[in-house]
Amino acid sequence: MTEKRVAIIGGGVAGMQMAIHLKERGANPVIIEREPTLGGKVAGWYVLFPTFTPAEQVVAPLKQRIAELGIEVMLDTTVTAIAPTCVTLQHGQLLRCDAVALCSGSTLFDARIKEEYGYGIYDNVYTSADLEQMMREGEVRMANGERPERIAILHCVGSRDEKVCQRHCSKVCCVTGVKQAIELKRMMPQAEVFNFYMDIRMFGPGYEEMYREAQVAHNVHFVRGRISEASPLSEGRLQIKAEDTLTGRPLRMSVDMLVLLIGMRGNDDNLPLATSAGITLAENGFFHPRNHFLDNVESERKGIFMAGTCSSPKSIGETLCEATTAAERIINYLNRSNKA
Amino acid sequence: MASNFGFSISKPRVIDIDRNNLRKSNEILREMPELQSCIGCGSCTASCTAGNLTSYNFRKVHTLVRRGEYVGAYEEMNKCMLCGKCRLVCPRGINTRKVAMLIKRKLGDF
Ligand code: SF4
Ligand code: SF4
Ligand code: SF4
């Protein structure tokens, strides 16, 4: 089986974890990454829920292991078509292989599309990804350099929203919003933080406990209502409107900063890739496994596998598990095709 | 004053689904099944001009109607100006303005 080649599309945590497992089991993985560096979305995050572990502590060891094992990595390289035995790269160049793994992740929703929240129009409207970036840089500041005293965090931006054709729940933004609320309070205990939600989805170990911590230890205010619009006030402040549905009354308030918890959507090139491979996409534009139970990391077509958020929003832990499982399935597949 | 110890008899507050007649409510949902997808987010109420100026709460009224609480719903819905702002923001894509008209039509005799 040695030197069976597996083309892994995407060098985020899914692709790296999978490559390491494949290499350790004697296959020859090659990671094809469109960006100039490995690490994917996680590399842009500051700390991770629910343990506030620095993202770097996940990304760096994976990268190091890739280097130690001498795994081949092609950076700045886009894949335009896939088949079980061959992937086509950007300039029509072909890469022969014995199996393909989709680890291509997802795309963060472009908050500018929800114009009513003013992202890219007014100062002091940020996305959850922008906030992570600010935290990595060590400071959360308004556009005028001042510390925000009142911050609103809005859940479900670009998720669960027919108006932007994203019906699905992005699953990890609720817990990200709670994590970010706690981080903001730890950095600026004087600041007031309000989370506006439609439903709070705390599905994982320690998540509900974080929610409770945000309430009890930090007095984060949770308002059950979706912000309908933001408008500018003087000095970069914003006025937001919602219904406080638990009291049944409209609510408005001014804030120094509005953070939009943007969701994950399927990549734009999922469709051309799926079409080239002869597989179908889920209704929400993500890839989907052959079934959600015993073949949950395999596509409809033999020889094409998947792991991570390319097949649905999921947490980093879940992504890593899937990558490991998929590597195992790929090894079995390569062994079988060897005998045949 | 002192004789009633601050108590008085009022209509029970409870929404009694066993007693409420859901026929009208079901009729409304049959005509506009999209209302079934409401997640109670309150965006409609938040955006509603009438609701920001008066006690009118569109989300509350259509939710009460779905529970079979029709009394006063028609009068409340009459505060709606049919401007359609709520429709622009509903994340479920419900034609909320049409919901307002439908409730008025169905409950005119309540
Ligand atoms: S996880 Fe929470 S914030 Fe994210 S889409 Fe689902 S309900 Fe909305
Ligand atoms: S259509 Fe009626 S309920 Fe909707 S926003 Fe206008 S006044 Fe309010
Ligand atoms: S905006 Fe739509 S989903 Fe939200 S409460 Fe109103 S009708 Fe329901």
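Basis for what follows: all heavy atoms, side chains included, without hydrogens, waters or symmetry-related copies. Quick note on labels: first sequence line is chain A, next is B, and so on, each numbered from 1.
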Under a 4.5 Å cut-off applied to non-hydrogen side-chain atoms, are B/Lys104 and B/Met101 in contact?
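Contact flag for B/Lys104/B/Met101 side chains = no.
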
When heavy-atom pairs shorter than 4.5 Å are enumerated against chain A, which of B/Arg59, B/Lys60, B/Arg92 gives the highest number?
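Top count of heavy-atom pairs under 4.5 Å with chain A: B/Arg59.
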
Output the option from B/Cys44, B/Gly40, B/Gly51, B/Cys48 having the highest count of non-hydrogen pairs under 4.5 Å with chain A.
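Result: the option with the highest number of such pairs is B/Gly40.
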
With respect to A/Ile153, which candidate in A/Val178, A/Thr176, A/Ile227, A/Val193 satisfies the side-chain contact (heavy atoms from CB on, under 4.5 Å) definition?
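For A/Ile153, the side-chain contact (heavy atoms from CB on, under 4.5 Å) test succeeds with only one of A/Val178, A/Thr176, A/Ile227, A/Val193, which is A/Val193.
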
Charged N to carboxylate O under 4.0 angstrom, A/Lys114 versus A/Asp161?
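So A/Lys114 pairs with A/Asp161 through a salt bridge.
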
Pairing of A/Arg147 and A/Asp256 as salt bridge, 4.0 angstrom limit
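Answer for the salt bridge query: no.
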
Considering only heavy atoms, which portion of B/Ile94 lies under 4.5 Å from any heavy atom of chain A: side chain, backbone, both, or neither?
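Neither part.
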
